[in-house]
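One structure is given here, and the rest of the page talks about it.
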Amino acid sequence: MALSREQVAMRVAQELKDGYYVNLGIGIPTLVANFVPKGIEVMLQSENGLLGMGPYPTEDQVDADMINAGKETVTAATGAAIFNSAESFAMIRGGHVDLTVLGAFEVDQQGNIASWMIPKKLIKGMGGAMDLVAGAQNIIVTMTHASKHGDSKLLETCSLPLTGVNCVKKIVTDLAVLEVKDGAFYLLERAPGVSVDEIISKTAGKLIVEGDIPEMQFAE
Amino acid sequence: MALSREQVAMRVAQELKDGYYVNLGIGIPTLVANFVPKGIEVMLQSENGLLGMGPYPTEDQVDADMINAGKETVTAATGAAIFNSAESFAMIRGGHVDLTVLGAFEVDQQGNIASWMIPKKLIKGMGGAMDLVAGAQNIIVTMTHASKHGDSKLLETCSLPLTGVNCVKKIVTDLAVLEVKDGAFYLLERAPGVSVDEIISKTAGKLIVEGDIPEMQFAE
Amino acid sequence: MAGFDKVVNSYAEAMEGIKDGDTIIAGGFGLCGIPEGLINEIKRKKTQDLTVVSNNCGVDDFGLGVLLHDRQIKKIVASYVGENALFEQQLLDGIIDVELTPQGTLAEKMRAGGAGIPGFYTATGYGTPVAEGKEVKEFNGRPYILEESITGEFAIIKAWKADRYGNLVFRHTAMNFNPMAATAGKITVVEVEEIVEPGELEPSQIHTPGIYVNRVIKGNFEKRIERVTTSK
Amino acid sequence: MAGFDKVVNSYAEAMEGIKDGDTIIAGGFGLCGIPEGLINEIKRKKTQDLTVVSNNCGVDDFGLGVLLHDRQIKKIVASYVGENALFEQQLLDGIIDVELTPQGTLAEKMRAGGAGIPGFYTATGYGTPVAEGKEVKEFNGRPYILEESITGEFAIIKAWKADRYGNLVFRHTAMNFNPMAATAGKITVVEVEEIVEPGELEPSQIHTPGIYVNRVIKGNFEKRIERVTTSK
């Protein structure tokens, strides 16, 4: 069965390593923070200028001057640092963030990503997404494998305006975990109860299936 | 009679305006701080990262962590700001410093300046001088009009490796005040008791002398 | 105004000299850390044909969004304008021109503008619509695009505290774009919560040195929050 | 080392992994704000063929100058090397190579290295020996030269205080090149006067966020002064 949003976040959280500085995008990526494995510490970077983002504030802690990149009120964790936006993106562009998790409309087999614009429909702007995908050494994209209408989001070539090129290394969808390399999607894991055939049918780009594909494992 | 070092500094100080941010180079330029006219406030920028340089410390105020660009121990004036060297040169390169005063080996009639290197003799490095002359809107060069051997330092073309091009606007020497424009030195003032003929004889570059050249005025 | 005292006492004085067609660099991220009173003064003055450089354009009735009602903005350079329906309408109607710029590139363009760096290379946006018409150059085998710096006639800034010399300290994430924007204005005007005397701010803890600041005014801030999110 | 605790307890650990031929970016201006113990550890390890990027090269018997005695430095990138007779001699003898770089350009090259900006344009050095072999481009009618960023295998930094997460605060003008150098090392090692617990440093007053820092060690500093100048 397709994973829930929480389960996608749980699976992504398994990619975290102790001591990682992580930037989590809006949506499912934000949920990853709730599933950090035991014994592992990560520090969250928010691109408006906060390293060490804490939980949401209680009602009387709410402070208009303390927000995250999603413009939500947040707190600063113990040991946090706050800085200006040029410094924040120096950090991002310079490759100092260990992992970036973000959503997308489409990814293609070259590792290109489209996540910010649907011509004539959605022109809100790219925010920090282009900097994040250009700067991160390690990018995980989370999205549903296919649209509501059943159209695959893993394509041979992205159809929408790009956010970045040759940058996506790993994709966690509601159906599968895939690696992007050598111009193809490599199927690594499938969601519990989801067949390889279903993944094949919903992957428009070149998909490599080698050997038995294990089911994702979730801790109890 | 040729001006003393102090007199050159006094004459330069007449160029200061209230509210000026000023960078003073090593040597005669440093002395300018001693002659700031009454009723005028200036703030001294030191390119290692100090805006609002104060006087030298008393013996028990000496602090190894508080130095100026000449590596001398200094103090911070009231209202000073301290910052890193990239920020300091952003300030300089970005044209935020109102006036830069520095010494030179040679200046030529194009406003080129040579101040940092004498091939096979002196190769200490340019420090911040190239940034200062490229960034300042307003540069005054102080130097003796001619060398000890009588060779003019105001040339048609600099003979030494340059520090910057087309940047020097004004020169205060021990003999004269000159403006550099349209490919020539314009004589503005002469030191008390120094004849125009002497200045002509000690200026190798193209010198324009228009009308009566007044003597420099020094307040009592 | 003698010496380095940059405090002005009226918004009229604070924004004196702004004129039709000017480029205004504004600090702030969303509604956080925005110079509320300076924006309102621009609205009051009805200055037209402005180019506004700011990460966002406020919301319909707050922040830079208030300049949309009288169509004061001709062009905006921003990274994200998604919170503003009026903006989107004016964009579709062709009343306003928008240059969408990645957030980090925008921050760096402002910094470069203030720092006398006319252009820099970045991988951000390479291969995307952002790269169109821009020079591409390879460094160590990777392609980068040339981005040019931004400066403006005015920078409008929100800080927490200023001393009379214009040294600034920002509070929490209300810092955001303000320090870079402050360097990129020909005239930089700062609206603050508190004005202190020179010497009260620790020199090495000043975020923006006064050399970048021309005018300081004490404001009153609503500090509207876009998304109040709380935990129990 | 678990989580974000970056404190190490020996100089050997602090400089572990440095090898012949490495590029070392060093903070400090003259003898002010230099990582004395880290430099001495490099001397002790006798690492050879180093490229050192630092505004200055210390003096004959202190700071980076101590690395000259055993000819550990192959090349130095600096803006001013005038305080060091041994350096000048090795330069004349062809033992050491020097790339003189304007001070502001050097600071910006380090910052760019850390910030993922491979190159930037500056007017500094145009028309001088510094511009030789460099690309020239006009912006608004003025010529600028292209300068490339600098990174190194190691950055060695002196800070005043660090918390265990590697967040740094510098003291007075001992800040100088340290913050930029800290961003430009693949491994950044910081020698500090005091180590504090996370949370003790005010977040918005941290000069260098811990993300740039890999190792922190508490040092003892002589803090030699190059020119003691006093007034009565």
Side-chain angles (χ1 to χ4, degrees), chain A residues 46-50 53-76 82-93 110 112-114 116-117 119-120 122-135 161-167, chain C residues 27 29-33 55-56 78-84 88 91-92 98 100-108 110-112 122-131 143-144 160 170-181 207-208 221-232:
Chain A
S46 188
E47 64 266 29
N48 56 319
L50 172 59
M53 182 162 56
Y56 293 131
T58 59
E59 261 179 51
D60 39 318
Q61 283 176 328
V62 166
D63 187 330
D65 291 340
M66 187 71 94
I67 66 169
N68 67 11
K71 287 150 195 163
E72 301 171 322
T73 47
V74 291
T75 56
I82 293 172
F83 33 82
N84 67 52
S85 302
E87 178 65 49
S88 185
F89 283 92
M91 219 170 260
I92 289 167
R93 204 191 299 103
Q110 301 300 332
N112 299 329
I113 173 174
W116 71 282
M117 187 193 187
K120 289 178 192 165
L122 183 80
I123 36 171
K124 291 174 181 302
M126 67 292 282
M130 285 191 182
D131 306 279
L132 282 159
V133 301
L162 296 180
T163 308
V165 296
N166 309 128
C167 56
Chain C
F29 176 80
L31 303 182
C32 181
N55 191 59
N56 314 87
S79 90
Y80 193 79
V81 290
E83 318 293 357
N84 200 313
E88 225 166 317
L91 186 57
L92 292 167
V98 66
L100 289 172
T101 303
Q103 194 172 336
T105 296
L106 184 61
E108 194 66 18
M110 290 183 190
R111 179 189 179 274
T122 176
T124 300
Y126 172 77
T128 78
V130 163
Y144 294 80
W160 181 27
F170 302 94
R171 187 167 174 276
H172 300 336
T173 60
M175 190 182 324
N176 57 61
F177 281 76
N178 280 296
M180 287 74 67
H207 293 120
T208 294
F221 298 88
E222 176 186 334
K223 287 200 187 181
R224 196 183 294 186
I225 298 175
E226 241 165 300
R227 297 204 180 103
V228 179
T229 42
T230 55
S231 61
K232 267 96 222 167

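The sequence lines fix the lettering, A, B, ..., with proteins before strands; numbering per chain opens at 1. As a basis for the values below, the full set of heavy atoms in this structure was taken, side chains included, without hydrogen atoms, waters or symmetry mates.
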Using a cut-off of under 4.5 Å for heavy-atom pairs, which of [options] has the most such pairs with chain A?
options: C:G125, C:C32, C:A131, C:A78; answer: C:C32
options: C:A107, C:P102, C:A174; answer: C:P102
options: C:G30, C:G104, C:G82; answer: C:G104
options: C:V130, C:T229, C:T230; answer: C:T229
options: C:W160, C:F221, C:F177; answer: C:F177

So which residue, [options], ends up with the most heavy-atom pairs under 4.5 Å with chain C?
options: A:G49, A:P55, A:S46, A:G128; value: A:G128
options: A:N68, A:N48, A:I92; value: A:N48
options: A:E59, A:E72, A:Q61; value: A:E72
options: A:G135, A:G164, A:S88, A:G70; value: A:G70
options: A:N84, A:L162, A:N166, A:N112; value: A:N84

Does any non-hydrogen side-chain atom of [Y] lie less than 4.5 Å from one of [X]?
X: C:F29; Y: A:S85; value: no
X: C:N84; Y: C:V81; value: no
X: A:E47; Y: A:F89; value: yes

- Query: Is the backbone of C:L31 close enough, under 3.5 Å, to the side chain of C:E226 for a donor and an acceptor to pair up by distance?
  - Reply: yes
- Query: Considering only heavy atoms, which portion of C:L91 lies under 4.5 Å from any heavy atom of chain A: side chain, backbone, both, or neither?
  - Reply: side chain
- Item | Portion of C:N56 that has a non-hydrogen atom of chain A nearer than 4.5 angstrom |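 Contact with chain A: side chain only.
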- Task: Return yes if a side-chain donor-acceptor contact under 3.5 Å exists between C:T124 and A:D131, otherwise no.
- Result: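 Checked: C:T124/A:D131 side chains pair up, N/O donor to acceptor below 3.5 Å.
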- Query: Are C:T105 and C:T122 linked by a side-chain donor-acceptor pair shorter than 3.5 Å?
  - Reply: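 C:T105 vs C:T122: no donor-acceptor pair found between side chains.
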- Nearest non-hydrogen partners of A:M130 and C:T128, listed with the distance: CE-OG1, 3.5 Å
- Message: Set out, in order, the CA-CA distance, both residues' side-chain angles and the distance that settles salt bridge (Lys or Arg N to Asp or Glu O under 4.0 Å) for A:D63 and C:K223, then state yes or no.
- Response: CA-CA 9 Å; A:D63 187 330; C:K223 287 200 187 181; 5.3 Å; no
